[in-house]
Visitor: 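My questions all concern the structure below.
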Amino acid sequence: MSFGDAFFGISWLDIIIRTLIVVIAMTVVVIYLTYGERKVVARFQMRLGPTRTGPAGLLQGVADALKLVVKEDLRPRNADRWVFEFAPYATFVPVFLVLLTLPFAENWGVRNLALGMFFVFAVLGLNIVGVLMAGFGSGNKYALLGGVRAAAQMISYEIPLVVALLTVAMLAGTLDLNLIASLQGDRPFILVQPLAFVIFFIALLSELHRAPFDIPVAESEIVGGYFVEYSGIRWSMFQLAEYAALWGFSIFGSVIFLGGWNFPFGSEVGVGLQLALTLIKSTLMILLIFWVRATMPRLRMDQLMSFCWKVLIEISFVLLLITGFFLYYNWPQEILALVNWGGALLLLTVIFIRTRRKSEAEDLVGTYKNIEVTE
Amino acid sequence: MITEILWWFFAIAIVGTAAGVVFSRSVVHAAIFLILSLAGVGGLYIFLTVEFVALVQFLIYGGAVTVLILLALMMTRLDATGAPDKLTGPQAPFGALVGITLLLTLVGVSLATAWPGDVDDLPTNITIEQIGDVMFTSYGAPFIIASALLLVAFIGAIVFAKQEDEV
Amino acid sequence: MIPLENYLVLSGILFSLGVYGVLSRRNAVLVLMSVELMLNAVSINFIAFSAYLDVTQITGVIFAIFVVAVAAAEIGLALAIVLRIFRNRSSINIDEAAELKW
Amino acid sequence: MSAEWAWLLAVIPACAFIVLALFGRSLPRQGDWLGVLTVTSILGLLIAIFTKTFGAKLPMLNAVEWTSIGDFSLSHGIAIDWITLIMLPVIIIVALMVNIFSIGYMRGEPRYSWYFAVLQLFVASMLLLVLADNLLLLYIAWELVGVCSFLLIGFYWEKRSAVEAAKKAFITTRVGDVGLLIGIILLWKATGTFNIHELISYVEHGELGGTTLFVSMLFIFLGAMGKSAQLPFHVWLPDAMEGPTPVSALIHAATMVVAGVYLVARLLPMFEAAGGMMLIITLVGLATAIYSGIVAFAQTDIKKVLAYSTVSQLGFMFVALGVGGIGAGMFHLFTHAFFKALLFLGAGSVILGTHHHQEMRNLGGLLRKMPITGITFAIGSLALMGLFPLAGFWSKETILSAVDYGPGSWAFILISIASIMTAFYTVRLFLRTFTGEPQDAAVAEKTHESSLIMTGPLIVLAIFSVFAGFFIFTDFSKAFGLPGGISELIYLHYPKHFSVHWDLVGYSMALVVIGTFFGVWFYWRGSTERSTKLAEWQPAIYHMIQRKFFFDELYQFVINRIILGISYVVSWFDRYVVNDTGVDGSGELTKYSGFVLKHLQTGKVPNYALAIVVGIIMLSLITLVLRG
């Protein structure tokens, strides 16, 4: 089964059906993800969230979608027309391509690729182009700023993301996602490579523009970032791409680190249960992302970049080297896991301590002052 | 049959977008055309059964290189006068002449040469393991040299691009 | 099946377009883009030859990968130079950077 | 054996030269002993060679390949035949004597060790010259001895006249040397070899001859004339007397100046084959002999007289060679070296004893003050005059016999006249210097006999001057182990057993007596009364003789008017045509074309890129067309 055949082979009708299923599933999931996020964040903030539309507000997402579809599609006069109009698609298509390779259950994907993990990296890179097109094509300084921020951030965080995933790929000895998942029947890779998971998770937050790395779309700074000028159906494409990416990468992460469709520590299960397990694990990831979003404040741009280039990349490369040594000399993986756990806990502790630290800056331009409210 | 149709679609897309790179009046449009063209070339590699190179093409060209270009564009955009600079120089007719001559030469040579053994059944796949084997054994030294080149080039790029007051 | 000549002609067209772009564009970034086109044309040829004429050894493929690596180095360095030129001259029009004559 | 080791003869003094030149000043006694030791050691080596040589087949050759370029291979080596074997003892014995004499003569001079160093270099070069088996090596040695001569003539470079003399000697011989070089090149071009024996065999087999041979030999003879101070190149030798007197004895009397004779003797078969060359040699020799004899009449400087005498005797040798008497020529060379070196060293002794007075008009009556010098000088003079049975008599007798046998009466008469002249000026020299009353009381007051280290060599050389002539006799030579007399060892066509022709002996003695009679009559007891009268009777002729027939003036005129005129034209051509048009013009042309072409350089990168691409396309199209 070749990649060439995957796109253009004889079984193209089969492909179309599978793709349709994914599209529908994605739409439903995205609609309910927006609802879920609002609910979860509201609970974190001791609110209720949407309650009016439908039972417990369950139809809120559908209503929003309808509203967006029928809304007027505006285009600024000084926008670059073609770039402006194609940007949402350029953003959406790569995310959709990622979804096509993911194994939802054993051999249950649109296409299972021998180079699946690598394919995900590759199309992930293309995502940036759409963001930049949107930022540039709007003819708006805020949008451009957001676009450039997004590009810088995504390029930077792609490196630790890829390197962290490579350590897992080295352990697995393959790039085939289905195979990687099936290798974790008795031991998910998160137990062996927790540090890689931490790096992956942080980088993932950045790639998805989620808080605390939502700098490109920071409403309070640049009023929505690169899609500030978009409205209606095109804006909804961005939202679709964003939430689809959230969902897709959750599944991707759960496949690689949490064992995907495997029941933890053992026994074979049927397809239905496999699907359920995948969804549960990805839901756990999504909830984790929401949790971080609801609790962490946004970083500054320079903090973001220096965290990536001065901390994450170094750690991920060291991890790569350590993993390489362990594999080359056939040292037991338990020790590797031990080292990894130590590293992960250390990293998290350092991050925690740093977040507790008070800002030392007094009155420098570009840094926030500690505002002292006096009665 | 469907393979050939798809091939021609890709070929035309590549040439069309490449022409877009060369003839477009906006730098950003050219950059976007370049991405499309390079992605098309990546697709073409799939026909040649080297999906690894295709993915490399997407990752490096489609992602990194093009984004670098776009970033550079945004930093170097001319806004002082507001008037867009003319992108095509006075040498364009000569360039066109030369390009056409070169094209005729290349096409002529390509068609006139009797290539040995047009193998009909291409190998189904060149796997990443094969490439890895060759890359780290026969081409180990070039690989290390290329790595050193990259390192040096990026250090140089950083030194060049650094703000002067930071030096 | 697609004959080898198709790839060769395609890469020839791509290469000629790149040459035209290099020769006629005034903007340095556009020139770099045209260079990328030429490099890609070369890569197509390499891989096509590798697939059609050199099936057992995959020299062409390896070469294409090296082309990618070198292109990445080249583009990084070239863009840094372009940035530096822009900072010095507020223009990346390569026709204006002509102090080196006489 | 001997031929293998003969190269050491030249190498040992060369090493001594290097040591003396570099470290001479720091050696004890500034290294004069090293010079004597060197020459003594090679004398020992020479004796060893002689003992090995007797009975061996001659010539002995030993050559090594020097370089090989393509099909041209050059080998240098040494060849030993009887001509060489006659030359070697002459050079080494005289050199040894001169070295010893110099210790006394040069004491206290500045650059004492440098003097001995150059002396060793000269010995090395001279031995190389006679040992060389090919003309190229010979030419190298030829130039080396020229350099040594230049260095030693100009030894007292504080004196302007010494510098002038050195330059004159160098430049004058240079004219001949260029001729020699041209001749060598012509011969090489005709035959492809520098080897002397091969060349001679070419000539003997008739493969080389005609105009080519004549022209080459003429040029080579020019070289010989320059080195041996033959008319009209003689002008340098009298001036060369500016050098230290022992040097005059070694270089300008006994060895270097006979290099020309040696060369002609070496190549005599070739000269003989070149039609007319023998006559030219004879005529040059005769003219030189007579001319120098006449000029010697009017010279008052002892060394100048001896110098002209040397020139004259060299003329004798050339005459002998010119008439085919190679044995006679080499024999005269052999004997002349000893008595002329003796005379020069005697003159040196006189000069030192009288505290640097060498003008005859200031001397006189020295016999009483310097008995050893005087007696040895008298022996040398008698040998030079050719008094029976001293060395000069036998050699002159063989020359007369050769001339009589050769071209006939006219040459015989002329050589007889030259012989009379020899006797006359020799008598004049001796009488005015050693007899009569001292002309200058102040000089006579301080005069003293020289020390043993100087008189010793005089005595040794006097003994040689007496006995060297007997080597013409077969029995005498055999007593020394030689296979035969010199004329039997060296011959052109067939060995000539020497026997005394009593009529020639009588004739020769008569010539000596005539010369001596006139000499004594004019200068008895050192008186110049009669000679002054003679000079005043025809002052113009006397003036002409005293001024050496105006040769120097003629040369000066030629140099001033003709050569400087040509130089002016050439310099004008060089300045305006070569410099302004050629050199500056090409520079200006380059600048101007650069000025024009610089407009091609737009500085715009796309233009260059276009050019590159056009070039690539052209190249590929050309390749396509060429490969079809």
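Order of the sequence lines fixes the chain letters, A, B, ..., with proteins taken first and strands second; residue numbering starts at 1 for each chain. Note that the structure is a prediction, hence the values are computed from the model and not measured.
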Visitor: Can you find a heavy atom in the side chain of B:L106 that is under 4.5 Å from one in the side chain of C:L8?
Guide: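 Contact flag for B:L106/C:L8 side chains = no.
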Visitor: State, with a plain yes or no, whether a side-chain heavy atom of B:F52 is found less than 4.5 Å away from one of C:I65.
Guide: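 They are in contact (side-chain heavy atoms under 4.5 Å apart), so the answer is yes.
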Visitor: Of all the heavy-atom pairs spanning C:A51 and B:L48, show the shortest one and how long it is.
Guide: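 For C:A51 versus B:L48, the nearest heavy atoms are CB-CD2, 3.9 Å.
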Visitor: For B:V21, is it the side chain, the backbone, both, or neither that has a heavy atom closer than 4.5 Å to a heavy atom of chain C?
Guide: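 Both parts, backbone and side chain.
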Visitor: Would you list the pairs meeting ring-ring contact (aromatic ring centres under 6.0 Å, His included) in which at least one residue belongs to residues 6-39 of chain C, sequence neighbours left out?
Guide: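 Counting only pairs at least two positions apart or across chains, the ring-ring contact (aromatic ring centres under 6.0 Å, His included) contacts touching residues 6-39 of chain C are B:W7-C:Y7, B:F23-C:Y20, C:Y7-C:Y52.
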Visitor: Is it the backbone or the side chain of C:S11 that comes under 4.5 Å from a heavy atom of chain B, or both, or neither?
Guide: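 For C:S11, no heavy atom lies under 4.5 Å from chain B.
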Visitor: Which region of C:I13, side chain (C-beta onward) or backbone (N, CA, C, O), has a non-hydrogen atom less than 4.5 Å from a non-hydrogen atom of chain B, or is it both or neither?
Guide: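 Both backbone and side chain of C:I13 come within 4.5 Å of chain B.
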Visitor: Quick check for you: to the nearest 0.5 Å, what is the distance between C:E74 atom CD and B:L150 atom CG?
Guide: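 Between atom CD of C:E74 and atom CG of B:L150 there are 11.5 Å.
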Visitor: Select one option (side chain, backbone, both, neither) describing which atoms of B:I14 are under 4.5 Å from chain C's heavy atoms.
Guide: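 Its backbone and side chain both get close to chain C.
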Visitor: Report, as yes or no, whether the 6.0 Å neighbourhood of atom CZ on C:F63 holds more than 12 heavy atoms from other residues, nucleotides or ligands.
Guide: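 Open.
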Visitor: Is any side-chain heavy atom of B:Y45 closer than 4.5 Å to a side-chain heavy atom of C:S43?
Guide: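 They are in side-chain contact.
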Visitor: Of the listed residues (C:V68, C:V70, C:N6), which shares the most heavy-atom pairs with chain B below a 4.5 Å separation?
Guide: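 Highest number of heavy-atom pairs under 4.5 Å: C:N6.
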Visitor: So which atom in B:G156 and which in C:L77 form the shortest heavy-atom distance, rounded to 0.1 Å?
Guide: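 Minimum heavy-atom contact is C-CD1, 3.7 Å.
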Visitor: Nearest heavy-atom pair of C:R84 and B:V159: which atoms, and what distance?
Guide: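 In terms of heavy atoms, the two residues are closest at NH2-O, 4.0 Å.
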Visitor: Hey, what do you get for OG (B:S24) to CG (C:L30), rounding to the nearest 0.5 Å?
Guide: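 Rounded to the nearest 0.5 Å, the OG-CG separation comes to 6.5 Å.
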Visitor: Which heavy-atom pair separates C:G76 from B:A157 by the least distance, and what is that distance?
Guide: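 Here C:G76 and B:A157 meet closest at O-CB, 3.6 Å.
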Visitor: For chain B, which of C:I62, C:V9, C:V19 has the most heavy-atom pairs under 4.5 Å?
Guide: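 Max contact count across the listed options: C:I62.
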Visitor: Closest heavy-atom contact between B:F154 and C:A72?
Guide: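 For B:F154 and C:A72, the tightest heavy-atom pair comes out as CZ-O, 3.9 Å.
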Visitor: Provide the full list of ring-ring contact (aromatic ring centres under 6.0 Å, His included) pairs with a residue in residues 129-150 of chain B, sequence neighbours left out, each pair given once.
Guide: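 Qualifying pairs, neighbours excluded: B:F136-B:F143.
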Visitor: Side chain, backbone, both or neither: which part of B:A96 has a heavy atom under 4.5 Å from chain C?
Guide: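 Contact with chain C: backbone and side chain both.
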Visitor: Chain C: which of B:V107, B:V152, B:I155, B:V134 shares the most heavy-atom pairs with it under 4.5 Å?
Guide: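 Looking at each of B:V107, B:V152, B:I155, B:V134 in turn, B:V134 comes out on top.
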Visitor: Hey, are the side chains of B:Q130 and C:V61 touching, using non-hydrogen atoms and a 4.5 Å cut-off?
Guide: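 No, their side chains stay 4.5 Å or more apart.
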Visitor: Working to the nearest 0.5 Å, report the span between CE of C:M33 and CG of B:L38.
Guide: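 So the CE of C:M33 and the CG of B:L38 are separated by 10.0 Å.
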Visitor: What part of C:L14 gets closer than 4.5 Å to chain B, counting heavy atoms only: side chain, backbone, both or neither?
Guide: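 For C:L14, side-chain heavy atoms alone lie under 4.5 Å from chain B.
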Visitor: Is chain C contacted by the side chain of B:P93, its backbone, both, or neither, given a heavy-atom distance below 4.5 Å?
Guide: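 Neither part, no heavy atoms under 4.5 Å.
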Visitor: State, with a plain yes or no, whether a side-chain heavy atom of B:V22 is found less than 4.5 Å away from one of C:L37.
Guide: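 Yes, close enough: below the 4.5 Å cut-off.
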Visitor: Shortest non-hydrogen contact from C:A64 to B:V53?
Guide: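 What the structure gives for the nearest pair is CB-CG1, 4.5 Å.
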Visitor: Examine whether an atom of B:V98 lies under 4.5 Å from a heavy atom of chain C, and if so say whether it belongs to the side chain, the backbone or both; otherwise answer neither.
Guide: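 Answer is side chain: those atoms of B:V98 sit under 4.5 Å from chain C.
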Visitor: Are any of the side-chain heavy atoms of B:L44 and C:L10 separated by less than 4.5 Å?
Guide: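 Yes, close enough: below the 4.5 Å cut-off.
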